[in-house]
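All values below come from the heavy atoms of this structure, side chains included, with hydrogens, waters and symmetry mates left out. Chain naming here is simple, since letters A, B, ... match the order of the sequence lines and numbering starts at 1 in each. No experiment lies behind these values; they were computed from the predicted model shown.
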Amino acid sequence: MQYWLVKSEPDAFSIDDLAACPNQTDHWDGIRNYQARNFMRDDMKIGDKVFFYHSNCKPPGIVGIARVASKPYPDHTAFDSNEKYYDAKSDPDNPRWIMVDIQLVRHLKRMISLEELKQHADALDGLRLIQRGMRLSIMPVDKAHWDYILRLEKRKR
DNA sequence: GCCAACGTTGGC
DNA sequence: GCCAACGTTGGC
């Protein structure tokens, strides 16, 4: 089993939006970055755990845990010119973009902010999220980092 | 709103 | 295949 972190802008799709979905599950569409796509396509497995991260908000941080709930399948929003993430170059017969379903497991008891994570840069060395200029919207998380962050959750700041 | 970082595009 | 221009991300 692998561990991941996915970013979402809460203005667009927050963890509460996920919680409100049927079965607390939704498809993770709109990924238009090859590196992120390759992670989904090649490495994500059903049951993998996922940190749900709120980006581009104040403050940014990890707000919950989800799980991968499907195998990868074509991202149909790439085929629809009315969609924000339409991509004319994605051929339905050979889809360029894919997605997986994500199911909410639980909210964290408290947000672990990006600022707090950066304060633990030594223990979290190698965590891509806290590296400079890291824009990937899907990234792997080491199990040691995953466990460490969950221990942070239990602490009071 | 600013701007650094970084991915993509397209002319050559 | 190089690389300048451009667009996007996302913290601040």
Original post:
Given side chains that start at C-beta, do those of A:Met1 and A:Lys143 come closer than 4.5 Å, heavy atoms only?
Top reply: no
**OP:** For A:Lys118 and for A:Tyr85, find the nucleotide of DNA chain C with the closest heavy atom, then tell me which residue's nucleotide is more 5'.
**Re:** A:Tyr85
Original post:
Which two nucleotides bound the region of DNA chain B that has atoms under 4.0 Å from heavy atoms of chain A, read 5' to 3'?
Top reply: B:dA5 to B:dT9
Original post:
Ring centres of A:Tyr85 and A:Trp97 under 6.0 Å apart?
Top reply: no
Original post:
With side chains defined as the heavy atoms from C-beta onward, is the minimum distance between A:Arg67 and A:Ile102 less than 4.5 Å?
Top reply: no
Original post:
Can you name the residues that form a ring-ring contact (aromatic ring centres under 6.0 Å, His included) with A:His54, not counting sequence neighbours?
Top reply: A:Phe52
**OP:** Classify the nucleic acid contact of A:Lys58 as base, sugar-phosphate or nothing, counting any heavy atom under 4.0 Å across all strands shown.
**Re:** nothing
Original post:
For DNA chain B, whose closest nucleotide is more 5', that of A:Lys89 or that of A:Arg132?
Top reply: A:Arg132
Original post:
What class does the angle between the rings of A:His76 and A:His27 fall in, given that below 30° is parallel, 30 to 60° is tilted and above 60° is perpendicular?
Top reply: perpendicular
Subject >> Which residue lies more 5' along DNA chain B, comparing A:Arg32 with A:Asn56 via nearest heavy atoms >> reply: A:Asn56
Original post:
Are A:Phe13 and A:Met99 co-members of a hydrophobic cluster defined by side-chain heavy atoms under 4.5 Å apart?
Top reply: no
